[in-house]
Engineer: 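Here you go, one structure.
Computed from a predicted structure; not experimentally measured. Numbered from 1 within each chain, the chains take letters A, B, ... in sequence-line order.
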Protein chains: 2
Amino acid sequence: MTSAQKTASSKRAAVIKALAHPSRLLIAEALMEGEMCVCDLKDLVGADMSTVSKHLSMMRQAGVLVSDKRGLNIYYRLACDCLGDFLRCLDQLAPKKATTKPCC
Amino acid sequence: MTSAQKTASSKRAAVIKALAHPSRLLIAEALMEGEMCVCDLKDLVGADMSTVSKHLSMMRQAGVLVSDKRGLNIYYRLACDCLGDFLRCLDQLAPKKATTKPCC
DNA sequence: TGGTTATTTGGCTAAATAACCAAATACTTG
DNA sequence: CAAGTATTTGGTTATTTAGCCAAATAACCA
């Protein structure tokens with residue numbers, strides 16, 4: 001493995017890591033419906049606002065989310081529509097409802 | 001959030017977590033080409049075989065990989081073809097080569 | 001300006017993770 | 001059966017991560 005390959009893998013792994021936590025995944029799923037502000041997401045996740053804020057800035061850093069300030073609130077949304085496909089693939093591996101045939 | 005939703009999110013997050021490490025992602029990418037045994041993957045990753053083995057069993061546990069023993073070797077392969085789409089989406093967020101427009 | 005609300009940042013602690021080494025297990029072959 | 005090879009498991013340590021609280025920052029309004 002070349003060092004360039006290693007770097008590419010690390011960057012891509014960082015994007016995945018940004019979704020690899022129950023609260024962060026829940027946030028990503030919620031944002032598929034449209035943008036939300038931090039306080040809405042705090043209610044959704046049920047953690048301290050500072051905790052949620054750290055999750056969000058980590059996801060933004062990874063390129064998964066973008067944010068946009070309007071008045072007192074900061075609204076977050078998904079950076080990419082393709083995340084929908086991403087999550088649909090996920091459901092083939094870890095279905096929400098049990099199936100006899102878990103995957104393709 | 002109901003507890004059922006929390007559980008579903010955790011399961012899905014576990015699948016993502018199984019790919020959220022540079023070595024594990026590299027393994028998943030390599031297995032897109034076809035199955036490999038542990039010692040091949042150890043050479044690819046460049047870590048101790050026990051480390052690679054632990055990564056692999058974690059990925060299998062999450063449902064990302066399946067394994068199959070033939071003779072002395074244990075061959076691993078991806079559990080699902082859809083991982084290709086998964087990784088392509090990833091490249092829109094974290095491209096291998098820099099682009100002026102990082103995402104959709 | 002001073003108060004109020006939304007969000008982020010810094011600091012700390014507890015828990016989870018990744019790595020290595022050594023030992024155990026499983027299979028094959030002489 | 002003994003020796004050799006491939007893989008896993010157990011144990012330990014260092015690092016990273018997640019969470020909370022308290023304090024700082026930013027924007028709005030009276």
Engineer: With heavy atoms under 4.0 Å as the rule, sort B:Arg60 into base, sugar-phosphate or nothing.
Structural biologist: nothing
Engineer: Based on the rotation axes of five pairs at each end, what angle does the helix from C:dT1-D:dA30 to C:dG30-D:dC1 bend through, to 10°?
Structural biologist: 20°
Engineer: Can you measure B:Leu56 atom CG to D:dT7 atom P for me and round it to whole angstrom units?
Structural biologist: 9 Å
Engineer: Grab the CD1-P distance between A:Ile27 and C:dT7 for me, whole Å please.
Structural biologist: 12 Å
Engineer: Would you say A:Leu19 ends up clustered with A:Met58 if hydrophobic residues are merged whenever their side chains have heavy atoms under 4.5 Å apart, either directly or through other cluster members?
Structural biologist: no
Engineer: From C-beta outward on B:Ser50, which listed nucleotide comes closest to its side chain: D:dT8, C:dC27, D:dA18?
Structural biologist: D:dT8
Engineer: To the nearest 0.5 Å, tell me how far A:Lys54 NZ sits from A:Ser23 OG.
Structural biologist: 14.0 Å
Engineer: Would you say A:Arg70 places a side-chain N or O within less than 4.0 Å of OP1 or OP2 belonging to C:dA6?
Structural biologist: no
Engineer: If hydrophobic clusters are built by linking Ile, Leu, Val, Met, Phe, Trp and Tyr wherever their side-chain heavy atoms come under 4.5 Å apart, do B:Tyr76 and B:Leu72 end up in the same one?
Structural biologist: no
Engineer: Figure out the CG/P separation between B:Asp40 and D:dT5, and round it to whole Å.
Structural biologist: 17 Å
Engineer: Mind calculating the distance between CG (A:Leu41) and P (C:dA6) to the nearest angstrom?
Structural biologist: 14 Å
Engineer: How many whole angstroms separate atom CE of A:Met49 from atom P of D:dA22?
Structural biologist: 16 Å
Engineer: Regarding B:Lys17, tell me which of base, sugar-phosphate or nothing describes its non-hydrogen contacts under 4.0 Å with the strands shown.
Structural biologist: sugar-phosphate
Engineer: Closer than 4.0 Å, any side-chain N/O of A:Tyr76 to the OP1 or OP2 of C:dT8?
Structural biologist: yes
Engineer: Any base atoms under 4.0 Å from A:Lys69, or only sugar-phosphate, or nothing? Heavy atoms, all strands.
Structural biologist: sugar-phosphate
Engineer: Using modelled atom types only, decide if a donor and an acceptor are shared between the side chain of A:Asn73 and the backbone of A:Tyr75 within a distance under 3.5 Å.
Structural biologist: no
Engineer: May I have the step-by-step check of side-chain contact (heavy atoms from CB on, under 4.5 Å) for A:His55 and A:Thr51, ending in yes or no?
Structural biologist: CA-CA 6 Å; A:His55 281 311; A:Thr51 300; 4.0 Å; yes
Engineer: Without decimals, in angstroms, what is the distance between B:Asp68 CG and C:dC27 P?
Structural biologist: 13 Å
Engineer: Would you mind classifying the nucleic acid contact of A:Ser57 as base, sugar-phosphate or nothing, using non-hydrogen atoms under 4.0 angstrom?
Structural biologist: nothing
Engineer: Of all the choices, D:dT7, C:dA19, D:dT17, which nucleotide is nearest to the side chain of B:His21 once you look at every atom?
Structural biologist: C:dA19
Engineer: Between C:dT7, C:dT5, C:dT28, which one does the side chain of B:Leu72 approach most closely?
Structural biologist: C:dT28
Engineer: Can you tell me which nucleotide in D:dT7, D:dC20, C:dC21 comes closest to the side chain of B:Cys37?
Structural biologist: D:dT7
Engineer: If you only use heavy atoms from C-beta on, which nucleotide in C:dC20, D:dA18, D:dA27 is closest to the side chain of B:Ala47?
Structural biologist: C:dC20
Engineer: So A:Tyr75, base contact, sugar-phosphate only, or nothing? Heavy-atom distance under 4.0 Å.
Structural biologist: nothing
Engineer: Let me know, please, whether A:Asp48 or A:Asn73 comes out on the 5' side of the other along DNA chain C by nearest nucleotide.
Structural biologist: A:Asn73
Engineer: Donor-acceptor pair, distance only, cut-off 3.5 Å: does the side chain of A:Arg24 make one with the backbone of B:Ala13?
Structural biologist: no
Engineer: Counting just side-chain N and O atoms, does A:His55 come under 4.0 Å of either OP1 or OP2 of D:dT17?
Structural biologist: no
Engineer: Test of understanding: clusters of I, L, V, M, F, W, Y form through side-chain heavy atoms closer than 4.5 Å, transitively. Do B:Leu78 and B:Val66 belong to the same one?
Structural biologist: no
Engineer: Could you say whether A:Ser53 or B:Gly71 is positioned toward the 5' end of DNA chain C, judged by the nucleotide with the nearest heavy atom to each?
Structural biologist: A:Ser53
Engineer: At 4.0 Å (heavy atoms only), tell me whether B:Ile74 reaches a base, stays on the sugar-phosphate, or touches nothing.
Structural biologist: sugar-phosphate
Engineer: Would you mind reading off the distance between A:Lys54 atom NZ and D:dC20 atom P, rounded to a whole angstrom?
Structural biologist: 10 Å
Engineer: Just to verify, which of B:Ile74, B:Val64, B:Ile27 counts as forming a side-chain contact (heavy atoms from CB on, under 4.5 Å) with B:Leu56?
Structural biologist: B:Ile27
Engineer: Please state how far atom CG in B:Leu19 lies from atom P in C:dA18, giving the value in whole angstrom units.
Structural biologist: 12 Å
Engineer: Would you say that A:Val38 contacts A:Met49 through its side chain, given a criterion of any heavy-atom pair below 4.5 Å between the two side chains?
Structural biologist: yes
